[in-house]
Protein chains: 2
Amino acid sequence: MDHPEETGGGAGPTRGREATRARILASAKELFTNEGYGSVSSRMIASHAGVNVALINRYFGAKRGLLTELLREDGVFPGLIEGDPATLTRRLAEHAVSRLHGEGTALQRALDDSAGDPDLQAVYQGRITSAMIDPLTVYLGADSARAHASLMAAVILGLTRVRLVEGATALRALDRELLTNRLQALLDLCLEDFGASEEPGEPRDANGPGKS
Amino acid sequence: MDHPEETGGGAGPTRGREATRARILASAKELFTNEGYGSVSSRMIASHAGVNVALINRYFGAKRGLLTELLREDGVFPGLIEGDPATLTRRLAEHAVSRLHGEGTALQRALDDSAGDPDLQAVYQGRITSAMIDPLTVYLGADSARAHASLMAAVILGLTRVRLVEGATALRALDRELLTNRLQALLDLCLEDFGASEEPGEPRDANGPGKS
DNA sequence: GAGCGCAAGTAAACGCTGTTGACCTGTCAA
DNA sequence: TTGACAGGTCAACAGCGTTTACTTGCGCTC
(Lines give C-alpha, C1' and ligand atoms only; values in the text may rest on other atoms or scores of the structure.)
Protein backbone atom coordinates (compact mmCIF):
# COMPACT_ATOMS: atom_id res chain seq x y z
CA MET A 1 0.00 0.00 0.00
CA ASP A 2 2.55 2.59 1.08
CA HIS A 3 4.93 3.28 -1.69
CA PRO A 4 8.38 4.14 -0.44
CA GLU A 5 10.48 7.02 -1.71
CA GLU A 6 8.97 7.11 -5.21
CA THR A 7 12.10 8.57 -6.81
CA GLY A 8 13.05 12.04 -5.78
CA GLY A 9 10.16 12.42 -3.40
CA GLY A 10 9.01 15.86 -2.32
CA ALA A 11 7.13 17.45 -5.17
CA GLY A 12 5.34 14.23 -6.00
CA PRO A 13 6.03 11.01 -7.80
CA THR A 14 5.01 10.50 -11.40
CA ARG A 15 4.14 6.87 -11.05
CA GLY A 16 2.27 4.82 -8.52
CA ARG A 17 -1.33 4.71 -7.54
CA GLU A 18 -1.74 8.12 -5.97
CA ALA A 19 0.39 9.90 -8.53
CA THR A 20 -1.53 8.44 -11.43
CA ARG A 21 -4.85 9.13 -9.83
CA ALA A 22 -3.84 12.72 -9.24
CA ARG A 23 -2.59 13.10 -12.78
CA ILE A 24 -5.82 11.81 -14.26
CA LEU A 25 -7.81 14.09 -12.00
CA ALA A 26 -5.76 17.12 -12.92
CA SER A 27 -6.08 16.42 -16.62
CA ALA A 28 -9.80 15.91 -16.33
CA LYS A 29 -10.16 19.17 -14.46
CA GLU A 30 -8.19 21.08 -17.04
CA LEU A 31 -9.95 19.58 -20.01
CA PHE A 32 -13.44 19.81 -18.52
CA THR A 33 -12.76 23.41 -17.65
CA ASN A 34 -11.64 24.32 -21.13
CA GLU A 35 -13.87 22.14 -23.26
CA GLY A 36 -16.85 21.20 -21.16
CA TYR A 37 -17.75 17.74 -19.99
CA GLY A 38 -19.48 16.21 -22.96
CA SER A 39 -16.85 17.20 -25.48
CA VAL A 40 -14.04 15.55 -23.58
CA SER A 41 -13.69 11.83 -24.09
CA SER A 42 -12.10 9.32 -21.80
CA ARG A 43 -9.37 8.80 -24.33
CA MET A 44 -8.58 12.50 -24.43
CA ILE A 45 -8.22 12.62 -20.68
CA ALA A 46 -6.06 9.53 -20.64
CA SER A 47 -3.76 10.71 -23.38
CA HIS A 48 -3.48 14.16 -21.82
CA ALA A 49 -2.53 12.54 -18.55
CA GLY A 50 -0.15 10.20 -20.30
CA VAL A 51 -1.88 7.08 -18.99
CA ASN A 52 -3.97 4.32 -20.44
CA VAL A 53 -7.71 4.73 -20.89
CA ALA A 54 -8.47 1.72 -18.81
CA LEU A 55 -6.97 3.36 -15.75
CA ILE A 56 -9.78 5.87 -15.64
CA ASN A 57 -12.23 3.13 -15.10
CA ARG A 58 -9.90 1.30 -12.80
CA TYR A 59 -9.52 4.27 -10.48
CA PHE A 60 -12.80 6.09 -10.87
CA GLY A 61 -15.22 3.42 -11.95
CA ALA A 62 -16.28 5.39 -14.99
CA LYS A 63 -16.05 8.79 -16.54
CA ARG A 64 -18.79 9.95 -14.23
CA GLY A 65 -16.64 9.05 -11.27
CA LEU A 66 -14.18 11.73 -12.31
CA LEU A 67 -16.95 14.26 -12.13
CA THR A 68 -18.03 13.16 -8.69
CA GLU A 69 -14.48 13.39 -7.46
CA LEU A 70 -13.87 16.82 -8.97
CA LEU A 71 -17.07 18.18 -7.57
CA ARG A 72 -16.24 16.86 -4.16
CA GLU A 73 -13.07 18.92 -3.95
CA ASP A 74 -14.52 21.88 -5.76
CA GLY A 75 -17.49 22.35 -3.51
CA VAL A 76 -20.54 23.57 -5.36
CA PHE A 77 -22.17 25.42 -2.51
CA PRO A 78 -19.36 26.41 -0.22
CA GLY A 79 -20.67 26.95 3.27
CA LEU A 80 -23.38 29.35 2.26
CA ILE A 81 -25.96 27.92 4.50
CA GLU A 82 -24.22 28.10 7.81
CA GLY A 83 -24.09 31.54 9.32
CA ASP A 84 -26.43 34.20 10.53
CA PRO A 85 -30.00 33.18 9.76
CA ALA A 86 -30.97 36.79 9.31
CA THR A 87 -28.82 37.09 6.23
CA LEU A 88 -29.34 33.66 4.71
CA THR A 89 -31.40 34.82 1.77
CA ARG A 90 -29.01 37.69 1.19
CA ARG A 91 -26.08 35.32 0.98
CA LEU A 92 -27.94 33.00 -1.36
CA ALA A 93 -29.03 35.88 -3.55
CA GLU A 94 -25.50 37.18 -3.81
CA HIS A 95 -24.25 33.73 -4.60
CA ALA A 96 -26.82 33.27 -7.34
CA VAL A 97 -26.11 36.64 -8.90
CA SER A 98 -22.43 35.92 -8.79
CA ARG A 99 -23.04 32.65 -10.58
CA LEU A 100 -25.23 34.44 -13.07
CA HIS A 101 -22.33 36.70 -13.91
CA GLY A 102 -20.14 33.73 -14.58
CA GLU A 103 -18.08 34.07 -11.48
CA GLY A 104 -16.94 31.20 -9.33
CA THR A 105 -14.49 28.47 -10.19
CA ALA A 106 -13.64 28.06 -13.84
CA LEU A 107 -14.69 24.46 -13.47
CA GLN A 108 -18.06 25.50 -12.10
CA ARG A 109 -18.63 27.77 -15.05
CA ALA A 110 -17.67 25.06 -17.50
CA LEU A 111 -19.93 22.54 -15.83
CA ASP A 112 -22.82 24.96 -15.77
CA ASP A 113 -22.45 25.14 -19.51
CA SER A 114 -22.37 21.38 -19.84
CA ALA A 115 -25.30 21.00 -17.50
CA GLY A 116 -27.13 19.13 -20.20
CA ASP A 117 -25.18 15.95 -19.98
CA PRO A 118 -26.91 12.99 -18.36
CA ASP A 119 -23.83 12.27 -16.30
CA LEU A 120 -23.75 15.76 -14.87
CA GLN A 121 -27.42 15.51 -14.26
CA ALA A 122 -26.98 12.33 -12.30
CA VAL A 123 -24.17 13.72 -10.22
CA TYR A 124 -25.94 17.01 -9.55
CA GLN A 125 -29.03 15.10 -8.64
CA GLY A 126 -27.30 13.92 -5.54
CA ARG A 127 -25.34 17.05 -4.85
CA ILE A 128 -28.13 19.56 -5.10
CA THR A 129 -30.21 17.56 -2.72
CA SER A 130 -27.46 16.82 -0.26
CA ALA A 131 -25.56 20.09 -0.44
CA MET A 132 -28.43 22.50 -0.78
CA ILE A 133 -31.93 21.27 -0.16
CA ASP A 134 -31.16 18.96 2.75
CA PRO A 135 -29.09 21.48 4.71
CA LEU A 136 -31.63 24.18 4.02
CA THR A 137 -34.37 21.93 5.26
CA VAL A 138 -32.54 21.15 8.46
CA TYR A 139 -31.59 24.77 8.83
CA LEU A 140 -35.13 26.00 8.52
CA GLY A 141 -36.41 23.25 10.70
CA ALA A 142 -40.10 23.97 10.38
CA ASP A 143 -42.93 21.71 9.36
CA SER A 144 -42.90 22.49 5.71
CA ALA A 145 -39.20 23.30 5.69
CA ARG A 146 -38.57 20.95 2.83
CA ALA A 147 -41.10 22.71 0.66
CA HIS A 148 -39.58 26.08 1.43
CA ALA A 149 -36.13 24.75 0.68
CA SER A 150 -37.29 23.25 -2.61
CA LEU A 151 -38.87 26.50 -3.62
CA MET A 152 -35.69 28.40 -2.91
CA ALA A 153 -33.70 25.84 -4.83
CA ALA A 154 -36.08 26.29 -7.74
CA VAL A 155 -35.44 30.01 -7.89
CA ILE A 156 -31.69 29.59 -7.69
CA LEU A 157 -31.48 26.71 -10.15
CA GLY A 158 -33.91 28.42 -12.48
CA LEU A 159 -31.60 31.35 -12.75
CA THR A 160 -28.76 29.10 -13.82
CA ARG A 161 -31.07 27.45 -16.28
CA VAL A 162 -32.12 30.73 -17.84
CA ARG A 163 -28.53 31.78 -18.16
CA LEU A 164 -27.79 28.53 -19.91
CA VAL A 165 -30.74 28.60 -22.23
CA GLU A 166 -31.19 32.25 -23.03
CA GLY A 167 -27.99 33.86 -21.92
CA ALA A 168 -29.75 36.04 -19.35
CA THR A 169 -28.30 39.08 -21.03
CA ALA A 170 -31.09 41.28 -19.82
CA LEU A 171 -30.65 40.17 -16.24
CA ARG A 172 -26.93 40.61 -16.34
CA ALA A 173 -27.38 44.07 -17.72
CA LEU A 174 -29.37 45.11 -14.70
CA ASP A 175 -27.81 46.96 -11.85
CA ARG A 176 -26.31 44.24 -9.78
CA GLU A 177 -27.51 45.56 -6.48
CA LEU A 178 -31.06 45.84 -7.72
CA LEU A 179 -31.05 42.32 -9.07
CA THR A 180 -29.64 40.96 -5.84
CA ASN A 181 -32.32 42.77 -3.89
CA ARG A 182 -35.05 41.40 -6.09
CA LEU A 183 -33.65 37.92 -5.82
CA GLN A 184 -33.46 38.22 -2.07
CA ALA A 185 -37.07 39.32 -2.01
CA LEU A 186 -38.01 36.29 -4.06
CA LEU A 187 -36.16 34.00 -1.69
CA ASP A 188 -37.76 35.69 1.29
CA LEU A 189 -41.10 35.09 -0.30
CA CYS A 190 -40.23 31.43 -0.69
CA LEU A 191 -39.70 31.30 3.03
CA GLU A 192 -42.97 32.82 4.09
CA ASP A 193 -45.33 30.50 5.82
CA PHE A 194 -47.72 28.72 3.54
CA GLY A 195 -51.22 29.66 4.42
CA ALA A 196 -53.73 32.36 3.80
CA SER A 197 -51.10 35.05 3.42
CA GLU A 198 -51.70 35.72 -0.25
CA GLU A 199 -54.73 37.08 -1.95
CA PRO A 200 -54.74 35.41 -5.34
CA GLY A 201 -57.35 37.68 -6.81
CA GLU A 202 -55.17 40.73 -6.48
CA PRO A 203 -51.96 40.54 -8.44
CA ARG A 204 -49.57 43.31 -7.60
CA ASP A 205 -48.74 44.53 -11.05
CA ALA A 206 -50.52 42.49 -13.61
CA ASN A 207 -50.11 44.99 -16.40
CA GLY A 208 -46.39 44.71 -16.38
CA PRO A 209 -43.77 47.05 -15.09
CA GLY A 210 -44.93 50.33 -16.42
CA LYS A 211 -46.80 49.73 -19.61
CA SER A 212 -47.15 53.51 -19.78
CA MET B 1 -43.49 -6.37 -44.88
CA ASP B 2 -46.94 -5.38 -46.10
CA HIS B 3 -47.12 -3.87 -49.52
CA PRO B 4 -50.72 -2.77 -49.97
CA GLU B 5 -52.21 -0.79 -52.78
CA GLU B 6 -52.05 2.49 -50.90
CA THR B 7 -54.55 3.74 -53.43
CA GLY B 8 -57.33 3.28 -50.93
CA GLY B 9 -56.49 6.59 -49.36
CA GLY B 10 -58.55 7.38 -46.31
CA ALA B 11 -56.51 5.98 -43.45
CA GLY B 12 -53.34 6.83 -45.30
CA PRO B 13 -50.85 4.97 -47.39
CA THR B 14 -48.14 2.91 -45.79
CA ARG B 15 -45.50 3.74 -48.34
CA GLY B 16 -44.44 6.93 -49.97
CA ARG B 17 -42.70 9.96 -48.65
CA GLU B 18 -45.39 11.36 -46.40
CA ALA B 19 -46.48 8.00 -45.09
CA THR B 20 -42.97 7.03 -44.14
CA ARG B 21 -42.28 10.36 -42.55
CA ALA B 22 -45.44 10.05 -40.50
CA ARG B 23 -44.61 6.49 -39.46
CA ILE B 24 -41.16 7.50 -38.26
CA LEU B 25 -42.60 10.43 -36.37
CA ALA B 26 -45.24 8.30 -34.72
CA SER B 27 -42.72 5.69 -33.65
CA ALA B 28 -40.39 8.32 -32.30
CA LYS B 29 -43.20 9.85 -30.31
CA GLU B 30 -44.25 6.56 -28.84
CA LEU B 31 -40.74 5.48 -27.95
CA PHE B 32 -39.64 8.84 -26.58
CA THR B 33 -42.75 8.93 -24.48
CA ASN B 34 -42.20 5.51 -23.00
CA GLU B 35 -38.43 5.38 -22.73
CA GLY B 36 -37.18 8.95 -22.77
CA TYR B 37 -35.09 10.54 -25.42
CA GLY B 38 -31.60 9.44 -24.59
CA SER B 39 -32.44 5.78 -24.19
CA VAL B 40 -33.99 5.49 -27.60
CA SER B 41 -31.58 5.01 -30.46
CA SER B 42 -32.09 5.83 -34.10
CA ARG B 43 -32.05 2.13 -34.88
CA MET B 44 -34.79 1.44 -32.37
CA ILE B 45 -37.00 4.08 -33.92
CA ALA B 46 -36.33 2.81 -37.40
CA SER B 47 -37.01 -0.80 -36.59
CA HIS B 48 -40.15 0.12 -34.67
CA ALA B 49 -41.36 2.07 -37.67
CA GLY B 50 -40.35 -0.73 -40.02
CA VAL B 51 -38.06 1.47 -42.03
CA ASN B 52 -34.37 1.77 -42.57
CA VAL B 53 -32.21 3.79 -40.20
CA ALA B 54 -30.91 5.96 -42.97
CA LEU B 55 -34.37 7.32 -43.62
CA ILE B 56 -34.39 9.13 -40.32
CA ASN B 57 -31.50 11.20 -41.42
CA ARG B 58 -32.88 11.54 -44.89
CA TYR B 59 -36.16 12.98 -43.69
CA PHE B 60 -35.22 14.73 -40.48
CA GLY B 61 -31.58 15.54 -40.91
CA ALA B 62 -30.66 13.87 -37.66
CA LYS B 63 -32.16 12.42 -34.54
CA ARG B 64 -32.47 15.89 -33.15
CA GLY B 65 -34.66 16.81 -36.09
CA LEU B 66 -37.26 14.34 -34.86
CA LEU B 67 -37.35 16.17 -31.58
CA THR B 68 -37.79 19.54 -33.19
CA GLU B 69 -40.61 18.19 -35.30
CA LEU B 70 -42.37 16.52 -32.39
CA LEU B 71 -42.12 19.59 -30.25
CA ARG B 72 -43.50 21.73 -33.01
CA GLU B 73 -46.74 19.79 -33.09
CA ASP B 74 -46.87 19.19 -29.39
CA GLY B 75 -46.61 22.81 -28.32
CA VAL B 76 -44.69 23.25 -25.13
CA PHE B 77 -46.38 26.42 -23.94
CA PRO B 78 -49.80 26.33 -25.48
CA GLY B 79 -51.18 29.85 -25.74
CA LEU B 80 -50.64 30.69 -22.13
CA ILE B 81 -49.38 34.13 -22.77
CA GLU B 82 -52.19 35.54 -24.81
CA GLY B 83 -55.21 36.47 -22.81
CA ASP B 84 -56.22 38.81 -20.04
CA PRO B 85 -53.11 40.55 -18.69
CA ALA B 86 -54.64 40.68 -15.26
CA THR B 87 -54.50 36.92 -14.93
CA LEU B 88 -51.23 36.22 -16.71
CA THR B 89 -49.29 35.24 -13.63
CA ARG B 90 -52.18 33.14 -12.44
CA ARG B 91 -52.24 31.20 -15.69
CA LEU B 92 -48.51 30.69 -15.60
CA ALA B 93 -48.60 29.59 -11.99
CA GLU B 94 -51.34 27.09 -12.70
CA HIS B 95 -49.44 25.80 -15.68
CA ALA B 96 -46.26 25.38 -13.66
CA VAL B 97 -48.03 23.59 -10.84
CA SER B 98 -49.74 21.35 -13.32
CA ARG B 99 -46.39 20.49 -14.83
CA LEU B 100 -45.00 19.90 -11.39
CA HIS B 101 -47.69 17.32 -10.81
CA GLY B 102 -46.70 15.54 -13.97
CA GLU B 103 -49.71 16.60 -15.94
CA GLY B 104 -49.62 17.63 -19.56
CA THR B 105 -48.83 15.53 -22.58
CA ALA B 106 -47.17 12.21 -21.92
CA LEU B 107 -44.46 13.32 -24.30
CA GLN B 108 -43.89 16.49 -22.32
CA ARG B 109 -43.48 14.51 -19.15
CA ALA B 110 -41.05 12.14 -20.77
CA LEU B 111 -39.02 14.95 -22.23
CA ASP B 112 -38.91 16.76 -18.92
CA ASP B 113 -37.31 13.68 -17.52
CA SER B 114 -34.80 13.50 -20.34
CA ALA B 115 -34.08 17.19 -20.07
CA GLY B 116 -30.47 16.36 -19.53
CA ASP B 117 -29.66 15.36 -23.05
CA PRO B 118 -27.61 17.82 -25.08
CA ASP B 119 -29.98 17.44 -28.01
CA LEU B 120 -32.97 18.38 -25.92
CA GLN B 121 -31.02 21.20 -24.45
CA ALA B 122 -30.25 22.55 -27.88
CA VAL B 123 -33.84 22.30 -29.03
CA TYR B 124 -35.24 23.78 -25.84
CA GLN B 125 -32.72 26.55 -26.04
CA GLY B 126 -34.56 27.90 -29.03
CA ARG B 127 -38.03 27.02 -27.87
CA ILE B 128 -37.90 28.50 -24.42
CA THR B 129 -36.65 31.73 -25.78
CA SER B 130 -39.00 31.91 -28.71
CA ALA B 131 -42.10 30.43 -27.11
CA MET B 132 -41.83 31.89 -23.66
CA ILE B 133 -39.35 34.65 -23.04
CA ASP B 134 -39.80 36.49 -26.32
CA PRO B 135 -43.61 36.58 -26.19
CA LEU B 136 -43.50 37.55 -22.56
CA THR B 137 -41.12 40.35 -23.37
CA VAL B 138 -43.32 41.67 -26.12
CA TYR B 139 -46.37 41.19 -23.96
CA LEU B 140 -44.93 43.16 -21.08
CA GLY B 141 -43.54 45.76 -23.39
CA ALA B 142 -41.74 47.85 -20.81
CA ASP B 143 -38.15 48.98 -20.72
CA SER B 144 -36.82 46.12 -18.71
CA ALA B 145 -39.44 43.71 -20.00
CA ARG B 146 -36.86 41.19 -21.03
CA ALA B 147 -35.41 41.07 -17.55
CA HIS B 148 -38.84 40.56 -16.04
CA ALA B 149 -39.57 37.83 -18.53
CA SER B 150 -36.27 36.10 -17.83
CA LEU B 151 -36.92 36.21 -14.13
CA MET B 152 -40.34 34.63 -14.59
CA ALA B 153 -38.85 32.00 -16.82
CA ALA B 154 -36.28 31.28 -14.15
CA VAL B 155 -38.96 30.60 -11.56
CA ILE B 156 -40.94 28.36 -13.88
CA LEU B 157 -37.97 26.46 -15.24
CA GLY B 158 -36.48 26.15 -11.81
CA LEU B 159 -39.54 24.35 -10.62
CA THR B 160 -39.19 21.79 -13.39
CA ARG B 161 -35.56 21.47 -12.52
CA VAL B 162 -36.26 20.79 -8.86
CA ARG B 163 -38.82 18.21 -9.77
CA LEU B 164 -36.27 16.51 -11.96
CA VAL B 165 -33.43 16.64 -9.49
CA GLU B 166 -35.09 16.14 -6.17
CA GLY B 167 -38.54 14.89 -7.00
CA ALA B 168 -40.24 17.90 -5.42
CA THR B 169 -42.14 15.56 -3.17
CA ALA B 170 -42.57 18.19 -0.51
CA LEU B 171 -43.94 20.70 -2.98
CA ARG B 172 -46.31 18.22 -4.50
CA ALA B 173 -47.55 17.29 -1.08
CA LEU B 174 -48.63 20.87 -0.43
CA ASP B 175 -52.15 21.98 -0.91
CA ARG B 176 -52.32 22.72 -4.57
CA GLU B 177 -54.15 25.97 -4.21
CA LEU B 178 -51.66 27.27 -1.68
CA LEU B 179 -48.74 26.37 -3.87
CA THR B 180 -50.32 28.01 -6.89
CA ASN B 181 -50.94 31.15 -4.87
CA ARG B 182 -47.38 31.26 -3.70
CA LEU B 183 -46.10 30.73 -7.19
CA GLN B 184 -48.31 33.46 -8.48
CA ALA B 185 -46.98 35.76 -5.81
CA LEU B 186 -43.44 34.91 -6.88
CA LEU B 187 -44.25 35.64 -10.50
CA ASP B 188 -45.93 38.89 -9.54
CA LEU B 189 -42.81 39.84 -7.66
CA CYS B 190 -40.79 39.11 -10.77
CA LEU B 191 -42.92 41.65 -12.59
CA GLU B 192 -42.56 44.48 -10.15
CA ASP B 193 -40.61 47.42 -11.40
CA PHE B 194 -36.94 47.26 -10.65
CA GLY B 195 -36.00 50.14 -8.46
CA ALA B 196 -35.94 51.15 -4.87
CA SER B 197 -38.98 49.08 -3.97
CA GLU B 198 -37.18 46.59 -1.76
CA GLU B 199 -35.42 47.14 1.49
CA PRO B 200 -32.63 44.59 1.50
CA GLY B 201 -31.74 45.04 5.16
CA GLU B 202 -35.10 43.77 6.30
CA PRO B 203 -35.80 40.17 5.31
CA ARG B 204 -39.37 39.20 5.90
CA ASP B 205 -38.92 35.94 7.73
CA ALA B 206 -35.28 35.13 8.07
CA ASN B 207 -35.74 32.61 10.83
CA GLY B 208 -37.78 30.33 8.70
CA PRO B 209 -41.47 29.65 8.60
CA GLY B 210 -42.28 29.22 12.23
CA LYS B 211 -39.23 27.95 14.02
CA SER B 212 -41.41 27.79 17.13
C1' DG C 1 19.88 -14.25 -4.22
C1' DA C 2 15.75 -16.84 -6.32
C1' DG C 3 11.22 -17.02 -6.84
C1' DC C 4 6.67 -15.84 -5.70
C1' DG C 5 2.70 -12.62 -5.72
C1' DC C 6 0.27 -8.76 -6.17
C1' DA C 7 -0.46 -4.06 -7.79
C1' DA C 8 0.18 -0.98 -11.69
C1' DG C 9 -0.10 -0.38 -16.31
C1' DT C 10 -1.19 -1.86 -21.18
C1' DA C 11 -3.30 -3.42 -25.66
C1' DA C 12 -7.04 -4.81 -27.94
C1' DA C 13 -11.28 -5.67 -28.32
C1' DC C 14 -16.71 -5.33 -27.40
C1' DG C 15 -21.01 -3.34 -28.25
C1' DC C 16 -23.07 0.62 -28.86
C1' DT C 17 -24.02 5.27 -30.82
C1' DG C 18 -25.32 8.81 -34.75
C1' DT C 19 -24.38 9.44 -39.39
C1' DT C 20 -23.16 8.80 -44.49
C1' DG C 21 -22.24 7.36 -49.28
C1' DA C 22 -22.92 4.00 -52.65
C1' DC C 23 -26.08 1.08 -54.26
C1' DC C 24 -30.69 -1.05 -55.71
C1' DT C 25 -35.79 -0.62 -57.25
C1' DG C 26 -40.20 0.54 -58.44
C1' DT C 27 -42.96 4.09 -60.83
C1' DC C 28 -43.94 7.40 -64.14
C1' DA C 29 -42.96 10.31 -68.45
C1' DA C 30 -41.24 10.67 -72.91
C1' DT D 1 -38.74 0.75 -74.61
C1' DT D 2 -36.03 3.62 -72.29
C1' DG D 3 -34.61 6.93 -69.26
C1' DA D 4 -34.87 9.59 -65.01
C1' DC D 5 -35.63 9.94 -60.37
C1' DA D 6 -37.54 9.66 -55.82
C1' DG D 7 -37.88 6.19 -52.30
C1' DG D 8 -35.68 2.73 -49.97
C1' DT D 9 -31.69 -0.35 -48.56
C1' DC D 10 -27.09 -1.96 -47.02
C1' DA D 11 -22.82 -1.71 -45.26
C1' DA D 12 -19.61 0.89 -43.54
C1' DC D 13 -17.42 4.93 -40.87
C1' DA D 14 -15.67 7.12 -36.83
C1' DG D 15 -16.44 7.83 -32.36
C1' DC D 16 -17.96 6.74 -27.70
C1' DG D 17 -17.60 4.37 -22.74
C1' DT D 18 -16.24 0.26 -20.94
C1' DT D 19 -14.12 -4.49 -20.15
C1' DT D 20 -11.20 -8.41 -20.50
C1' DA D 21 -6.95 -10.65 -20.84
C1' DC D 22 -2.43 -9.72 -20.72
C1' DT D 23 2.49 -7.86 -19.46
C1' DT D 24 5.47 -5.43 -16.51
C1' DG D 25 7.65 -3.82 -12.28
C1' DC D 26 8.44 -3.96 -7.44
C1' DG D 27 8.59 -5.74 -2.59
C1' DC D 28 8.58 -9.69 0.35
C1' DT D 29 9.53 -14.15 1.85
C1' DC D 30 12.02 -18.43 1.58
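Labels below follow one simple rule: chain letters A, B, ... track the order of the sequence lines, proteins then strands, and each chain is numbered from 1.
- One interatomic measurement links the two molecules: CD1 of B:I45 to C1' of C:dG18, which rounds to 11 Å at whole-angstrom precision.
- For the residue pair A:D112 / A:T160, no side-chain donor-acceptor distance below 3.5 Å is found, with atom types taken as modelled.
- Closest-nucleotide positions on DNA chain D for A:V40 and B:R58 were compared, and the one nearer the 5' end corresponds to B:R58.
- The side chain of A:N57 places an N or O atom within less than 4.0 Å of a non-bridging phosphate oxygen (OP1 or OP2) of D:dT18.
- Between the P atom of D:dT9 and the CD1 atom of B:I56 lies a distance of 12 Å, rounded to the nearest Å.
- As judged by a 4.0 angstrom heavy-atom cut-off over every strand, B:Y59 is placed among residues touching the sugar-phosphate backbone only.
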| said: Determine whether A:E69 and A:R72 satisfy the following criterion, salt bridge (charged side-chain N to carboxylate O under 4.0 Å, His left out), listing intermediate values before the conclusion. | reply: CA-CA 5 Å; A:E69 195 67 22; A:R72 173 174 10 257; 3.1 Å; yes
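- For the pair B:D117 CG and C:dG18 C1', the interatomic distance rounds to 12 Å; values are reported in whole Å.
- Under 3.5 Å, the side chains of A:N181 and A:R176 contain no donor-acceptor pair of N or O atoms.
- For B:L55, counting side-chain heavy atoms from C-beta on, the closest listed nucleotide (D:dT9, C:dT19, C:dT10) is D:dT9.
- Heavy-atom minimum distance, A:F194 versus A:A147: CE1-CB, 3.9 Å.
- For A:V53, whose side chain is taken as the heavy atoms from C-beta onward, the closest listed nucleotide among C:dT17, D:dG8, D:dT18 is D:dT18.
- Going from atom CZ of B:R17 over to atom P of C:dG26 covers 20 Å, rounded to whole Å.
- One atom, CD of A:E18, and another, P of C:dA7, lie 15 Å apart when rounded to the nearest Å.
- Nearest nucleotide to the side chain of A:A54, out of D:dG17, D:dT9, D:dT20: D:dT20.
- For D:dG8, one of the phosphate oxygens OP1 or OP2 lies less than 4.0 angstrom from a side-chain nitrogen or oxygen of B:T20.
- Taking atom OH of residue B:Y37 and atom P of nucleotide C:dT17, one finds them 13 Å apart after rounding to whole Å.
- Regarding A:L66, its CG atom lies at a distance of 13 Å from the C1' atom of D:dT18, rounded to whole Å.
- Relative to the side chain of B:A62, the nucleotides C:dT19, D:dG17, C:dA8 differ in distance, and C:dT19 lies closest.
- Residue B:R43 places its side chain closer to C:dT19 than to any other of D:dG7, C:dT10, C:dT19.
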| query | Are B:R90 and B:E177 close enough, and set up right, to give a salt bridge (charged side-chain N to carboxylate O under 4.0 Å, His left out), and what steps lead you there? | reply | CA-CA 11 Å; B:R90 184 68 192 180; B:E177 181 65 16; 3.1 Å; yes
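- Whole-Å rounding puts the B:F60 CZ to C:dT19 P distance at 13 Å.
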